[in-house]
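Below you'll find the structure, written out as structure tokens, and then a few comments.
Positions are given from 1, in the same order as the sequence printed here. As the structure lists them, so they are numbered: ligands from 1, and atoms in each ligand from 1.
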Amino acid sequence: MVKGPESQNQYDIIVVGAGMVGAALACLLAKDSQGYASGPLRIALVEARPAPRFNPDQFDPRVAAITEKSRQLLACCGVWDAVASKRVSPYQAMEVWDAEGTGRIQFDCHDIHQPSLGHIVENAVLVESLMTEIADLDNIDLHCPAVITGYETNEQGISILLEDGTPLSAQLLLAADGANSAIRKHFEFETVEWDYGHQAIVSTIATERSNQQTAWQRFMPTGPLALLPLNNQGDLKRCSIVWSQETAEAERLINLSDKQFCAELSRASEHCLGQVLEVDKRFAIPLRQRHAKDYVIHRLALIGDAAHSIHPLAGQGVNLGFADVQVLAEEIGRAVERGLDLGDLSVLKRYQRRRKPENLATMAAMEGFKRLFAADPLAVRLLRNIGMSTLNQISPVKNQLMKAAMGLSTN
Ligand SMILES: Cc1cc2nc3c(=O)[nH]c(=O)nc-3n(C[C@H](O)[C@H](O)[C@H](O)COP(=O)(O)OP(=O)(O)OC[C@H]3O[C@@H](n4cnc5c(N)ncnc54)[C@H](O)[C@@H]3O)c2cc1C
């Protein structure tokens, strides 16, 4: 399917957005299609901003807890070894507790005979590794930094116009342009969304005690606090934090001096890692839950946060995005095999049918968790605490939960 020089700006697929999801999607499509009898797909990847760079001397404040299933997808993209050679932090256990009682639950990878429950990976490490791989693929053209100024759809395909006057055309446009997707807005996709009135404070901290390769999460009525373990060449005294708070409180915390912030965080984490000794620059990210009613129209599909963004409390956002990538790549491969138009709605609807139920179910579960832990009545608190402690003692159920959270088969 690779076109000659006469159709330089004619592609099979245009992917807009080279964040973790768009870059993984472009990479997987380009690689998978190299074995197609009809020839590799020709892909344009359009990104507005220069790719973030991995800095060995500093942690990216944005990290993601990557499940085993997502790790396998990144291995299929050919980038997991590069990611691991830069910096990844496997975590072996998870400790979750209720600030308003005695409810506590522990998960340990050894109970299900796995080397880890997942990996904490800096966003910059992931994106840089994907972009390096993409640079080596002949069938992807990267347009970055590039601003899109127009769109046009007709029977033959879909076109976008870049600010420098370059037109790009394809059978299919894939929007991986994040939670505030301009493409979703331009094509008037309907969404269901609500503001949490919360912001997530993210940063990197140094603690008195080792993080024990454990992800720590304390649920408070005002929002969850997560301490995600980082491994800096064997130094286990750093964590990435995600602290969700109501907007006014988040602003107060952001404006504290480092010393005051460390003291408040030590208290909020119940000194689970001793004192918090240092904190890097803090960032506050507004939290909004959003789900597009449809992910697809003729010649266009939304993917990753462009289609759904969820509360970060269970660290599932990009894992859902990577699951979208896998399914969409499979459906595109199936369409190529059958000689179908890649932008045909029937092809894209198969992707939507396979992904929407899981995305919606995960979003509903996160919303339920959030409300459960925000609830104040004594009866709810009591049941919540009894529920957690009881679940903690039922190994088979706990083990199934761990496998499901890792994206592994629970059979
Ligand atoms: C505090 C916090 C903690 C989180 N922790 C986790 C976690 O532990 N695990 C997890 O799975 N998920 C987590 N998430 C969710 C995760 O970060 C997102 O799901 C993920 O970043 C979505 O990736 P994406 O590629 O879809 O979108 P983005 O990361 O937003 O990337 C979109 C890309 O598109 C580009 N772009 C935007 N507009 C245009 C345009 N018009 N033209 C060209 N390019 C454009 C942007 O520059 C960007 O590069 C967390 C989120 C938050 C806020």
Side-chain angles (χ1 to χ4, degrees), residues 14-26 44-52 60-67 69-71 73 89 91 94 117-124 126-128 130-131 142-151 160-163 168 173-186 196 198-203 215 217 223-226 228-229 240-245 250 282-290 302-325 359 362-363 366 405 407:
I14 301 169
V15 179
V16 176
M20 294 186 280
V21 172
L25 177 63
L45 177 59
V46 180
E47 167 57 47
R49 291 180 302 190
D60 183 352
R62 292 293 308 268
V63 305
I66 298 293
T67 62
K69 190 172 168 207
S70 295
R71 192 200 65 75
L73 178 96
S89 310
Y91 59 102
M94 202 169 167
L117 290 178
H119 292 82
I120 309 296
V121 186
E122 293 154 77
N123 292 15
L126 256 179
V127 174
E128 189 188 81
L130 283 161
M131 295 311 273
L142 176 65
H143 300 263
C144 175
V147 174
I148 301 172
T149 55
Y151 305 87
I160 62 172
L161 186 64
L162 303 185
E163 197 180 38
L168 308 175
L173 177 66
L174 300 175
D177 52 347
N180 294 315
S181 170
I183 298 182
R184 186 185 66 228
K185 289 175 196 156
H186 179 88
Y196 282 117
H198 270 210
Q199 297 196 344
I201 300 171
V202 295
S203 188
Q217 190 157 34
L225 165 65
L228 306 172
S240 185
I241 59 159
V242 183
W243 190 359
S244 307
Q245 285 288 306
R282 285 156 261 162
F283 298 88
I285 304 168
L287 298 180
R288 196 172 176 80
Q289 178 128 310
R290 188 186 283 110
L302 307 177
I303 182 162
D305 269 25
H308 45 76
S309 41
I310 75 171
H311 198 289
L313 73 86
Q316 283 301 323
V318 81
N319 291 301
L320 294 179
F322 286 146
D324 292 349
V325 167
N359 290 334
T362 308
M363 291 177 90
M366 289 315 107

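- Within the 4.0 Å heavy-atom criterion, the part of Pro312 lying near ligand 1 is the side chain and not the backbone.
- Checked against a 3.5 angstrom limit, the closest N/O atoms of Gly315 and ligand 1 fall inside it.
- Side chain of Glu47 to main chain of Ala18: a donor-acceptor pair is present (N/O by atom type, distance under 3.5 Å, no hydrogens or angles).
- Taking every heavy atom of Val16 and a limit of under 4.0 angstrom, the matching atoms of ligand 1 come to 42 (N), 43 (C).
- Across the listed options Val21, Val63, Val46, Val242, Val63 owns the non-hydrogen atom lying nearest to atom 5 (N) of ligand 1.
- Within ligand 1, the atoms closer than 4.0 Å to a non-hydrogen atom of Ala200 are 1 (C), numbered from 1 in the order shown.
- In terms of modelled atom types and a separation under 3.5 Å, the side chain of Glu122 and the main chain of Asp60 share a donor-acceptor contact.
- In terms of protein heavy-atom proximity, atom 43 (C) of ligand 1 is closest to Ala48 N, 3.3 Å.
- When every heavy atom of His198 is checked against every heavy atom of Gly223, the shortest pair comes out as CE1-CA, 4.1 Å.
- Scanning the protein heavy atoms around atom 41 (N) of ligand 1, the nearest turns out to be Ala182 CB, 4.3 Å.
- Less than 4.0 angstrom separates atom 49 (O) of ligand 1 from at least one non-hydrogen atom of the protein.
- Atoms of ligand 1 lying under 4.0 Å from any heavy atom of Gly304, numbered from 1 in the order shown and given with element: 26 (O).
- Between Tyr151 and His186, the gap from one ring centroid to the other is short of 6.0 Å.
- In terms of protein heavy atoms, atom 34 (O) of ligand 1 is closest to Gly17 CA, 3.3 Å.
- For the pair Pro224 and Gln217, the tightest heavy-atom approach, listed with the atom from each and the gap, is CB-NE2, 3.9 Å.
- Within ligand 1, counting atoms from 1 as listed, the ones closer than 4.0 Å to a heavy atom of Gly178 are 27 (O), 30 (O), 32 (C).
- For atom 35 (C) of ligand 1, the closest heavy atom belonging to the protein is Glu47 OE1, 3.2 Å.
- Under the 3.5 Å distance criterion, the side-chain polar atoms of Asp177 are left unmatched by any main-chain donor or acceptor of Ala306.
- A side-chain contact (heavy atoms from CB on, under 4.5 Å) with Val16 is found for one member of Leu174, Ile148, Leu168 and no other, namely Ile148.
- At the shortest separation from atom 31 (O) of ligand 1 among protein heavy atoms lies Gly19 CA, 3.6 Å.
- Side-chain contact check for Asp324 and Asn359: at least one donor-acceptor pair (N or O, by modelled atom type) lies under 3.5 Å.
- Of all the atoms in ligand 1, the ones that sit under 4.0 Å from a non-hydrogen atom of Arg62 are 17 (O), 51 (C), 52 (C), 53 (C).
- Judged purely by distance below 3.5 Å, without hydrogens or angles, the side chains of Ser309 and Asp305 never pair a donor atom with an acceptor atom.
- Using a 4.0 Å cut-off to heavy atoms of Gly317, the atoms of ligand 1 that qualify are 10 (C), 11 (O), 12 (N), 15 (C), 19 (O).
- What you find for Ala64 and Asn123 is that their closest heavy atoms are N-OD1, 3.7 Å.
- In terms of polar-atom proximity, Asn123 is not counted as a contact of ligand 1, lacking any N or O under 3.5 Å from an N or O of the ligand.
- The protein heavy-atom contact nearest to atom 11 (O) of ligand 1 is Val318 N, 2.8 Å.
- Taking a cut-off of under 4.0 Å to the non-hydrogen atoms of Ala65, the atoms of ligand 1 that pass are 7 (C), 8 (O), 9 (N), 11 (O).
- Annotation: side chain of Ile285 is in contact with side chain of Val202 (closest heavy-atom distance under 4.5 Å).
- The closest protein non-hydrogen atom to atom 20 (C) of ligand 1 is Met20 CE, 3.8 Å.
- For the pair Leu25/Ile303, a side-chain contact is recorded, criterion being any heavy-atom separation below 4.5 Å from C-beta on.
- The residue Ser181 has no part lying near ligand 1, judged by heavy-atom distances below 4.0 Å.
- Close contacts between ligand 1 and Asp305 involve ligand atoms 18 (C), 19 (O), 22 (C), 26 (O) [criterion: under 4.0 Å to a heavy atom].
- Ligand 1 has at least one atom lying under 4.0 Å from a heavy atom of Ala176.
- Here the closest non-hydrogen pair linking Arg290 and Ala179 is NH1-O, 2.9 Å.
- Atom 37 (C) of ligand 1 has Asp177 O, 3.3 Å as its closest protein atom, hydrogens excluded (heavy atom only).
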